[in-house]
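Report on one structure; see the data block that follows.
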Amino acid sequence: MSKQREDMSSVTEMPSPPRPGKRNYNGRLVNGSDTDISQGKVYKREPSHRVFVNRSLNMDKIKFFGFDMDYTLAIYKSPQLETLGFNMLRDRLITIGYPAEIREFEYDHTFPCRGLWFDKLYGNLLKVDTYGNILVCLHGFRFLTGREVNDLYPNKFVTYDESRIYILNTLYNLPETYMIACLIDYFTSSKDYVRTQEGVQCGDLYMSFRSVYQDVRSAVDWIHYHGDFKPETVKNPEKYVEKDARLPVLLERIREHGKKTIIITNSDYKYTDKIMTYLLDFPETKGKDWTSFFDYVIVDAKKPLFFSEGTLLRKVDRSTGSLSVGHHVGALQQGCVYSGGSCEVISAMIKSQGKDLLYIGDHIYGDILRSKKQRGWRTFLVVPEMMQELSVWCEQGSIFKKLDNLEKQLGDIYKNLDSSSKERPNVSNIQKSLMDAVHELDMSYGMLGSLFRSGSRLTFFAHQVQRYADLYAESFLNLINYPLSYMFRSPPMLMAHESTVDHHGKLAAESSHPQAYFRQRSNDIRPRPGGSPVLQTQQSIPHLRAQTPTRLTHNIDFDDFDETSSTGSDKSS
């Protein structure tokens with residue numbers, strides 16, 4: 001997860017490369033140019049500097065910036081931290097009785113990706129799309145064939161059931177994802193164990209895949225809360241934690257603009273104190289306590305519980321780390337640290353209305369989904385994997401071109417055929433070439449492919465990002481490249497009929513659909529009882545029909561458009 005370190009003086013507005021107007025199998029434009037109707041260029045920042053937008057957001061309206069800490073303020077180095085966690089997890093499993101042979105396991109950071117589902121019943125790692133269709137299925141290190149997948153999951157489909165499915169959503173889940181694959185591969189391949197559909201047996205000992213999962217989950221929790229994982233991290237922060245001089249700069253700029261900053265982290269105070277002290281320790285910040293960069297600090301938040309009933313809000317004694325006996329009811333003070341609480345209590349104390357708070361985090365469930373669904377906060381998802389995703393997208397143009405050419409070949413074969421055609425073209429070679437090209441593209445991302453897609457289909461993780469994250473980027477520090485009054489505008493969300501039909505196209509003249517379905521009308525005519533229109537004349541009824549609006553009425557694209565706004569930053573002419 002190394003980050004590019006760039007001199008801020010080199011950050012400039014870069015024009016985006018020309019993009020064609022026809023969409024390929026991914027919905028990308030492939031001919032034409034990225035211009036407006038006057039052929040003026042649309043300028044965009046360099047991809048590595050950019051924040052991506054799912055829902056328009058006016059930064060002028062954000063009064064509070066909330067931050068998670070782990071993998072948000074603190075970006076951990078990969079694979080260093082994952083290897084540390086994996087090794088400690090392996091040792092813990094041996095301690096509780098797992099075979100000593102698993103000590104030979106070594107972490108391979110090229111294997112796992114987050115967003116996978118683990119099926120506790122059959123012991124499979126699943127990569128699924130938006131609707132639960134299975135894109136990839138692994139049992140240990142073995143990729144199951146289509147026929148094997150269909151035998152276990154009819155129609156290659158699985159529904160989310162919390163009692164059966166565990167979603168490996170966070171970057172902290174990567175070591176356990178790989179450990180689960182290692183253990184299942186070991187038990188199902190070893191001659192000492194007999195495999196069953198739902199587990200393995202060795203003599204009188206039976207281990208279900210569910211019990212293996214439970215052991216791994218318990219061991220992960222143990223090393224995080226009772227083991228040496230966090231002490232080892234803070235003992236060698238330069239080895240495990242990225243340090244970026246832009247962090248204090250951006251935090252100070254946010255507060256200079258009159259906006260408030262708040263940390264809401266699940267980590268305990270002692271760990272938070274050491275990590276944040278390290279992150280904000282620069283020659284320019286000498287003598288400044290890390291809490292001075294924030295208006296409010298909340299530790300031990302216990303998200304996602306924080307977004308529902310929460311826990312007692314208590315003040316932390318910074319000298320000892322101990323909590324106050326009673327719960328805190330006064331105003332929150334800068335320089336103080338508080339433990340627990342709930343979204344409702346904290347919002348009331350800081351007088352936040354909900355949509356005036358932008359919460360930034362990496363956990364799609366604990367940070368983004370819950371804050372969006374239950375409290376209506378604006379959300380910014382940190383996706384450290386974005387740099388690899390963008391790199392493949394930008395560098396594998398030859399594969400995308402190959403896919404486009406294959407689609408053109410299919411189109412040429414079928415273009416003169418309709419329902420009267422008796423011939424059945426042989427397109428098996430083209431289909432095989434398409435599958436090979438998609439596989440080549442998937443492998444460009446890693447063994448389990450892209451975080452966001454498999455071929456032309458979006459993953460379940462991608463769907464969650466689209467649905468719950470207003471903004472997303474490799475790092476929230478990309479905000480330093482934008483004015484804090486910026487209006488983030490989302491691109492149009494095109495449906496299939498919009499993304500595949502050119503604007504200059506014409507409908508067939510022989511269309512049989514009744515004109516009643518065409519709803520355009522003129523304000524100077526009204527329908528006659530018999531159906532034909534007549535000119536509007538004097539009448540006793542005030543309004544026979546609604547009048548066509550003469551000004552903007554659909555304002556969702558302007559982020560809570562307010563025509564009385566004094567700033568004018570989000571007004572429409």
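In what follows, every heavy atom counts, from backbone to side chain, and hydrogens, waters and symmetry copies are set aside.
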Could you list the residues that satisfy ring-ring contact (aromatic ring centres under 6.0 Å, His included) with Tyr296, not counting sequence neighbours? none
Is Lys260 atom NZ crowded by more than 12 heavy atoms from other residues, nucleotides or ligands, each under 6.0 Å away? no
Does Lys351 have any salt bridge (Lys or Arg N to Asp or Glu O under 4.0 Å) partners at least two apart in sequence or in another chain, and if so, which? none
Among all residues two or more places apart in sequence or in another chain, which pass the salt bridge (Lys or Arg N to Asp or Glu O under 4.0 Å) test with Lys270? none
Heavy-atom nearest pair, Met179 first then Val216, reads CG-CG2, 4.4 Å
With no hydrogens and no angle check, do the side chains of Ser352 and Asp356 hold a donor and an acceptor under 3.5 Å apart? yes
Taking salt bridge (Lys or Arg N to Asp or Glu O under 4.0 Å) as the definition, give me every residue that meets it alongside Asp70, ordered by chain and number, with sequence neighbours left out. none
Measure from the side-chain N and O atoms of Tyr482 to the backbone N and O of Val51, and report whether any donor-acceptor pair falls under 3.5 Å. yes
Ion pair present between Asp129 and Arg453, side-chain N to carboxylate O less than 4.0 angstrom? no
Closest non-hydrogen atom pair, Thr233 against Phe229: OG1-O, 2.7 Å
For Ser371, what residues pass the side chain to side chain donor-acceptor pair (under 3.5 Å) criterion, not counting sequence neighbours? none
Is Glu344 atom CD crowded by more than 12 heavy atoms from other residues, nucleotides or ligands, each under 6.0 Å away? no
Please name the pair of heavy atoms, one in Leu89 and one in Ala219, separated by the smallest distance, quoted to 0.1 Å. CD1-CB, 3.4 Å
Test Tyr107 against Tyr178 for ring-ring contact (aromatic ring centres under 6.0 Å, His included), laying out the working first. CA-CA 7 Å; Tyr107 183 67; Tyr178 190 60; 5.6 Å; yes
Quick one: does any side-chain atom of Ser391 pair with a main-chain N or O of Met387 as donor and acceptor, under 3.5 Å? no
Side-chain donor-acceptor contact under 3.5 Å, Thr170 with Asn173: yes
Check: Glu82 side chain, His109 main-chain N or O, donor-acceptor pair, under 3.5 Å: no
Quick one: which of Leu332, Ile264, Thr265, Val337 gives a side-chain contact (heavy atoms from CB on, under 4.5 Å) with Val297? Val337
Value for CD1 (Ile298) from OG (Ser342), rounded to nearest 0.5 Å, stands at 10.0 Å
Please step through salt bridge (Lys or Arg N to Asp or Glu O under 4.0 Å) for the pair Lys235 and Glu232, ending with a clear verdict. CA-CA 5 Å; Lys235 187 168 71 175; Glu232 184 64 26; 3.4 Å; yes
Crowded around Lys303 NZ? As in, over 12 foreign heavy atoms under 6.0 Å? yes
All heavy atoms of Ala331 vs all of Tyr338, minimum pair found to be O-OH, 3.8 Å
Donor-acceptor pair, side chain of Arg457 and main chain of Leu135, under 3.5 angstrom: no
NZ (Lys372) and CD1 (Ile364) are apart, to the nearest 0.5 Å, by 11.0 Å
ring-ring contact (aromatic ring centres under 6.0 Å, His included) against Phe282, all qualifying residues, sequence neighbours excluded: none
His328 side chain to Gly330 backbone, donor-acceptor under 3.5 Å: yes
What is the distance from atom CG of Leu81 to atom CD1 of Ile75, rounded to the nearest 0.5 Å? 11.5 Å
Between Thr459 (side chain only) and Leu451 (backbone N and O only), is there a donor and an acceptor less than 3.5 Å apart? yes
Check: Lys259 side chain, Phe65 main-chain N or O, donor-acceptor pair, under 3.5 Å: no
Quick check on Glu162: does its CD atom have over 12 non-hydrogen neighbours (other residues, nucleotides or ligands) under 6.0 Å away? no
Of Leu381, Asn478, Leu471, Leu390, the one forming a side-chain contact (heavy atoms from CB on, under 4.5 Å) with Phe52 is Leu390
Just jot down the salt bridge (Lys or Arg N to Asp or Glu O under 4.0 Å) partners of Asp289, sequence neighbours excluded, or say none. Arg318
Could you tell me which residues satisfy side chain to side chain donor-acceptor pair (under 3.5 Å) with Lys288, sequence neighbours excluded, listed by chain and number? Glu252
Is there a donor-acceptor pair closer than 3.5 Å between any side-chain N or O of Asn266 and the backbone N or O of Lys302? yes
Counterpart residues, side chain to side chain donor-acceptor pair (under 3.5 Å), relative to Tyr472 (two or more places apart): none
In this structure, CG of Leu174 is separated from CZ of Phe111 (nearest 0.5 Å) by 11.5 Å
Parallel, tilted or perpendicular: rings of Tyr486 and Phe488 (30°, 60°): perpendicular
Trace of the ring-ring contact (aromatic ring centres under 6.0 Å, His included) decision for Tyr71 with Tyr172: CA-CA 9 Å; Tyr71 284 108; Tyr172 274 131; 5.1 Å; yes
Does the side chain of Asp281 pick up a donor-acceptor pair with the side chain of Trp290 at under 3.5 Å? no
Look only at the side chain of Tyr166 and the backbone of Arg217, and say whether a donor-acceptor pair between them is shorter than 3.5 Å. no
Phe460 vs Trp117 aromatic rings, parallel, tilted or perpendicular, using cut-offs 30° and 60°? perpendicular
Scan for side chain to side chain donor-acceptor pair (under 3.5 Å) pairs involving residues 308-317, sequence neighbours excluded, and state none if there are none. Asp317-Ser319
Residues Gln334 and Thr291: side-chain donor-acceptor under 3.5 angstrom: no
Worked check of side-chain hydrogen bond (donor to acceptor under 3.5 Å, both in side chains) between Glu389 and Ser450: CA-CA 7 Å; Glu389 295 283 331; Ser450 167; 2.7 Å; yes
Pick out which of Leu168, Asp119, Val136 makes a side-chain contact (heavy atoms from CB on, under 4.5 Å) with Leu125. Leu168
Answer yes or no: is there a donor N or O on one side and an acceptor on the other, between the side chain of Thr285 and the main chain of Leu280, under 3.5 Å? yes
Partner set under side chain to side chain donor-acceptor pair (under 3.5 Å) for Glu385, not counting sequence neighbours: Arg114
Does Phe476 have any ring-ring contact (aromatic ring centres under 6.0 Å, His included) partners at least two apart in sequence or in another chain, and if so, which? Phe67
